Amino acid sequence: MQPPSVITLATPGGDGRAHVYSPAALPDGVQAPRGTVLLGHGAGGGVDAPDLQALTALTGDGWVVALLEQPWRVAGRRIAVAPPILDEAATEMLMALAAEPHLLPRPWVLGGRSAGARVAARLSAHAQALCLIAFPLQPPAPHPPVTKTGRVRATPASRAKELLIPLRAGIPTLVLQGASDPFGGPQQIAAAGTPFGRALTVRSYAGDHNRTKDVDALVGEVADFLAALP
């Protein structure tokens, strides 16, 4: 595989980066790249996450893969910024990349892992399909549930409404969820998307929220999803 081209993208919160992996050669019978898969990282890691790196293998099927690095991560910070700031930066990065159609051909499949998956769902209007890894549907309940002073800790709010944004619009959405993910397993994801289930594909992989134990299987699921897109 060829090393990525790194594109610096200015945003109001600082420079972000797109690490762009292009096919070294196209499959037989394919005259041009099939499109671009754009993936964002989580709040606790970067574009070097094993599952994101594994998905660069999709270049072998003729896809361009762009790993989007948020400005907070480029700046070397350890803690992610608030969701509105993540969305603002991602929007600026996507708009800049849209002006370079020779680099990132359409259609666009937008996705990411964990916090990156949430950003992709909220910004799904920029994509023709979504690929979400470890979507944090429901943060784990606080433990212990009661403070030392007797105050009951609030239960974190569900992010189901974010998942429904692309589903309501009929955007094909693949969610790859760890079987033991404490932020919500595959069955909970499927239940949350039931009202608009025709647009939703849920696949389970061996692992929890932070680890994908079988990246080859994960890449295979994404490749099958992409191959089935209209």
Side-chain angles (χ1 to χ4, degrees), residues 1-11 13-78 80 86 89-117 119-120 126-134 174 176 205 210-227:
M1 181 185 301
Q2 299 183 93
S5 301
V6 180
I7 304 172
T8 299
L9 303 163
T11 83
D15 287 346
R17 292 183 189 138
H19 302 253
V20 181
Y21 296 78
S22 299
L26 294 173
D28 291 343
V30 178
Q31 303 301 317
R34 300 183 188 276
T36 305
V37 180
L38 301 102
L39 302 169
H41 56 80
V47 297
D48 56 348
D51 42 15
L52 297 182
Q53 286 295 315
L55 287 170
T56 63
L58 295 169
T59 56
D61 292 336
W63 289 84
V64 175
V65 178
L67 304 183
L68 304 181
E69 189 174 11
Q70 281 272 350
W72 69 268
R73 185 76 183 183
V74 173
R77 301 188 186 98
R78 294 185 178 183
L86 293 176
T91 298
E92 290 290 332
M93 293 168 72
L94 292 173
M95 295 298 289
L97 292 170
E100 306 287 345
H102 61 289
L103 289 177
L104 303 185
R106 301 280 185 169
W108 278 8
V109 178
L110 191 58
R113 75 160 353 268
S114 192
V119 172
H126 293 274
Q128 283 69 55
L130 292 187
C131 176
L132 311 180
I133 304 168
L174 170 66
L176 295 150
Y205 60 79
N210 298 315
R211 292 184 180 84
T212 306
K213 295 181 180 179
D214 190 348
V215 292
D216 290 339
L218 182 142
V219 173
E221 293 284 7
V222 176
D224 289 346
F225 173 75
L226 296 177

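Only this structure's heavy atoms are used, side chains among them; waters, hydrogens and symmetry mates stay out. Worth saying up front: this structure is predicted, and the values here are computed from it rather than measured.
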Practice task
Please step through side-chain contact (heavy atoms from CB on, under 4.5 Å) for the pair Leu86 and Trp72, ending with a clear verdict.
Solution key: CA-CA 9 Å; Leu86 293 176; Trp72 69 268; 3.7 Å; yes

Practice task
Any chance you could lay out the side-chain contact (heavy atoms from CB on, under 4.5 Å) test for Asp61 and Leu226, step after step, and finish with the verdict?
Solution key: CA-CA 10 Å; Asp61 292 336; Leu226 296 177; over 6 Å; no

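Remark: the backbone N or O of Asp48 is not paired with any side-chain donor or acceptor of His41 at under 3.5 angstrom. With hydrogens and angles ignored, the 3.5 Å screen pairs no side-chain donor or acceptor of Arg17 with any backbone N or O of Val6. In this structure, Thr36 contributes its side chain and Trp108 its backbone to no donor-acceptor pair below 3.5 Å. No donor-acceptor pair under 3.5 Å is formed between the side chain of Glu69 and the backbone N or O of Val47.
Two residues are said to be in side-chain contact when any heavy atoms from C-beta on lie closer than 4.5 Å; Val222 and Leu58 meet this criterion. Counting heavy atoms from C-beta on, the side chains of Arg34 and Pro23 never come closer than 4.5 Å.
The shortest heavy-atom contact between Gly40 and Leu52 is O-CD1, 4.0 Å. Pro105 approaches Pro33 most closely through the heavy-atom pair CG-CB, 3.8 Å. A pairwise comparison of heavy atoms in Trp63 and Pro107 identifies CZ3-O, 4.2 Å as the closest pair. Minimum heavy-atom separation, Gly112 to Leu39: N-CD2, 3.6 Å. Heavy-atom minimum distance, Gly42 versus Ser114: CA-CB, 4.3 Å. The two atoms that bring Leu132 and Ala120 nearest to each other are CD2-CB, 3.8 Å, heavy atoms only.
Separation of atoms OG1 (Thr56) and CG (Leu67) is listed at 7.0 Å; rounding is to 0.5 Å. With rounding to the nearest 0.5 angstrom, the CD1 atom of Ile7 is 9.5 Å from the CE atom of Met93. Atom CG of Leu110 is separated from atom CG of Leu68 by 7.5 Å, given to the nearest 0.5 angstrom. Here the OG1 atom belonging to Thr212 is positioned 9.0 Å from the CG atom belonging to Leu55, to the nearest 0.5 angstrom. The structure places OG1 of Thr59 at 10.0 Å from CG of Leu26, a figure rounded to the nearest 0.5 Å. Taking NE2 of His126 as the start and OG1 of Thr91 as the end, the distance is 4.5 Å to the nearest 0.5 Å.
Considering Leu104, Val64, Val109 in turn, Leu104 is the only one that fulfils the side-chain contact (heavy atoms from CB on, under 4.5 Å) rule with Leu38.
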